[in-house]
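We count residues from 1, following the sequence as given.
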Amino acid sequence: MADGRAKRIELRVSNHKAYVWDLEDLALLRAQHHICGVLAGTLPHLSQQNIFLGLPLVLMPEEVVFLVQKEIAVLVDDPLAHQPPSTAQLEAWNRDRKAGVKAQIAASEAKEAVGIKAAKSTSEDAIRKRKEREQKRAAAARAKALAEGSQDLFAPPVETLVATDALASTDQPAIPSASLNSSNVAWMVTVPASSSAELEWYSSEGVTYATIEDAQAAGVWLYPSTSFERAKCAVFRDLWEKGHYMGGGIRFGADFLVYPGDPLRYHSHFAASVIESPIASLKPMEIVAHGRLGTATKKAHLLCGWDQAKQEVSYYSIEWAGFG
């Protein structure tokens with residue numbers, strides 16, 4: 001293989017789109033191969049937002065073609081890799097799932113029991129302190145009455161007041177304890193991110209393709225199928241070999257965004273548009289639009305012309321300049 005690794009990264013293909021489901025593969029692609037892709041998964045604990053996303057990583061078709069051609073990755077027909085499970089496998093999977101649920105319920109009940117015990121202890125301390133305050137107030141009122149000489153002969157003594165207050169305190173209903181009904185305890189079912197690591201009935205054997213041609217012949221992968229798509233793959237490869245990172249450029253009216261380094265650290269310098277051949281037409285209005293839009297977004301627009309005969313890419317940058 002090109003990089004001497006023993007195992008290629010598996011790109012799981014479904015509906016002609018390639019996904020990366022393993023976190024280690026995602027880190028390897030970004031750190032060593034300058035491939036970023038786009039995260040498309042919802043985070044389990046933050047499911048009502050779409051700002052911070054998680055696995056899987058969706059790759060651009062040009063990234064997929066590049067990785068396979070460089071012998072970094074292989075394509076896996078993901079639907080066929082999920083084979084029908086046997087009865088024993090399903091029973092084992094259900095046992096593991098139920099064991100996980102029981103462990104979560106037990107942990108939740110233990111946590112709730114500790115909370116109830118702490119609340120009960122706190123309430124007992126509060127009752128004791130309130131009783132002490134009532135005793136002090138009653139004693140102070142009795143002493144004041146005796147000092148002023150206006151003691152009511154029929155007023156109950158301090159001991160009776162304290163006893164009555166204590167009786168009233170004990171007559172108060174106890175703090176209701178929440179019944180630990182397991183059916184009301186929230187628990188989660190873990191959905192495996194990597195089927196190959198979690199599901200026994202997942203096997204990529206026989207549905208793995210090491211070349212784009214083999215995947216196209218099997219109908220698993222279709223890209224590239226036109227001259228323009230082949231030109232985009234060639235431009236992507238050339239920019240990658242020059243040390244750039246690439247991302248999708250549709251938001252800036254281009255085919256790619258070209259970064260000098262990792263997009264988490266740098267802004268893109270170019271918005272690149274691909275011209276499929278030296279004789280392809282390009283309208284003056286398109287040049288003006290590219291230049292204006294690129295300058296407005298603080299980028300230079302890069303025209304990338306692919307020459308199939310010479311197998312090389314020519315680059316022209318456009319920036320808007322004001323005259324007069």
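Here the side chain of T295 pairs no donor or acceptor atom with the backbone of R292 at under 3.5 angstrom. For the pair Q49 (side chain) and F52 (backbone), a donor-acceptor distance under 3.5 Å is present. The main-chain N or O of V220 is found under 3.5 Å from a side-chain atom of H16 such that the two form a donor-acceptor pair. Of the possible polar contacts, one joining the Q216 side chain to the P224 backbone as a donor-acceptor pair under 3.5 Å is found. Proximity of a side-chain donor or acceptor of S108 to a complementary backbone N or O of Q104 within less than 3.5 Å is not detected.
Here the closest heavy-atom approach between residue L59 and residue V20 is recorded as CD1-CG2, 4.0 Å. Here the shortest heavy-atom pairing between P79 and D77 reads CD-OD1, 3.2 Å. When all heavy atoms of E63 and M246 are compared, the pair lying nearest together is OE2-O, 4.0 Å. Of all heavy-atom pairs between G37 and L57, the closest is C-CD1, 3.7 Å. Across all non-hydrogen atoms, the minimal contact from L53 to A40 is CD1-CA, 4.3 Å. The minimum heavy-atom distance linking V68 with A210 is given by the pair CG1-O, 3.4 Å.
Atom-to-atom distance recorded for L75:CG and I212:CD1 is 5.0 Å, nearest 0.5 angstrom. Here D22 contributes atom CG and L11 contributes atom CG; the two are 10.5 Å apart, rounded to the nearest 0.5 Å. Once rounded to the nearest 0.5 Å, the distance linking CG of D307 with CD of Q311 reads 8.5 Å. Here W93 contributes atom CH2 and L199 contributes atom CG; the two are 8.0 Å apart, rounded to the nearest 0.5 Å. In this structure, CD1 on I287 lies 11.0 Å from OG on S273, to the nearest 0.5 angstrom. Taking CG of L29 as the start and CD1 of I72 as the end, the distance is 8.0 Å to the nearest 0.5 Å.
S317 and H301 share no side-chain donor-acceptor pair at under 3.5 Å. Residues S227 and E276 bring a donor and an acceptor atom of their side chains to less than 3.5 Å of each other. Side chain to side chain, Q308 and W306 meet the donor-acceptor criterion of an N or O pair below 3.5 Å. For the residue pair Y315/D238, the side-chain donor-acceptor check at 3.5 Å is satisfied.
Tracing side-chain contacts under 4.5 Å through hydrophobic residues (I, L, V, M, F, W, Y), one never reaches L239 starting from L303; they form parts of separate clusters. One hydrophobic cluster, built from ILVMFWY side chains closer than 4.5 Å, cannot hold both I275 and F236; they sit in different ones. No path of Ile, Leu, Val, Met, Phe, Trp and Tyr side chains, each step under 4.5 Å between heavy atoms, connects V38 with V64, placing them in separate hydrophobic clusters. Note on L39: it does not cluster hydrophobically with Y245, by side-chain heavy-atom contacts below 4.5 Å among ILVMFWY residues. Both F228 and M60 are assigned to one and the same hydrophobic cluster, defined by single-linkage of ILVMFWY side chains at heavy-atom distances under 4.5 Å.
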L67 and I9: CA distance, side-chain angles, deciding distance, side chain to side chain contact (heavy atoms under 4.5 Å, CB included) verdict: CA-CA 9 Å; L67 290 172; I9 296 173; over 6 Å; no
Stepwise side chain to side chain contact (heavy atoms under 4.5 Å, CB included) test for R95 and K98: CA-CA 5 Å; R95 282 197 302 270; K98 290 178 180 178; 6.0 Å; no
Side chain to side chain contact (heavy atoms under 4.5 Å, CB included) between S14 and Y19, worked out: CA-CA 8 Å; S14 180; Y19 301 89; 4.3 Å; yes
Test log, rule side chain to side chain contact (heavy atoms under 4.5 Å, CB included), inputs V313 and V235: CA-CA 7 Å; V313 185; V235 169; 4.1 Å; yes
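Applying the side chain to side chain donor-acceptor pair (under 3.5 Å) definition to pairs two or more places apart or across chains, those involving residues 217-226 are E62-Y223, S225-E229.
Side-chain atoms of K70 and H33, non-hydrogen and from C-beta on, never get closer than 4.5 Å to each other. Taking the side chain as every heavy atom from C-beta outward, E109 and I105 approach each other to under 4.5 Å.
Ring planes of Y202 and H82: perpendicular class, angle over 60° (limits at 30 and 60°). Ring-plane geometry between F66 and W240 is classed as tilted, the angle between the planes lying from 30 to 60 degrees on a 0 to 90 degree scale.
A salt bridge links E10 to R12: one of the charged nitrogens lies within less than 4.0 Å of a carboxylate oxygen. The pair R137-E134 meets the salt-bridge criterion, with a side-chain N (NZ, NE, NH1 or NH2) lying under 4.0 Å from an Asp/Glu carboxylate O. Classification of R128 and E132 as a salt-bridged pair holds, one side-chain N sitting under 4.0 Å from a carboxylate O.
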Below 3.5 Å, can you tabulate the donor-acceptor pairs from side chains in residues 249-268 to any protein atom, sequence neighbours excluded?
{"unit_1": "D255", "atom_1": "OD2", "unit_2": "V274", "atom_2": "N", "d": "2.8"}
{"unit_1": "D262", "atom_1": "OD1", "unit_2": "R30", "atom_2": "NE", "d": "3.4"}
{"unit_1": "D262", "atom_1": "OD1", "unit_2": "R30", "atom_2": "NH2", "d": "2.9"}
{"unit_1": "D262", "atom_1": "OD1", "unit_2": "L264", "atom_2": "N", "d": "2.8"}
{"unit_1": "D262", "atom_1": "OD2", "unit_2": "R30", "atom_2": "NE", "d": "3.1"}
{"unit_1": "S268", "atom_1": "OG", "unit_2": "K299", "atom_2": "NZ", "d": "2.8"}

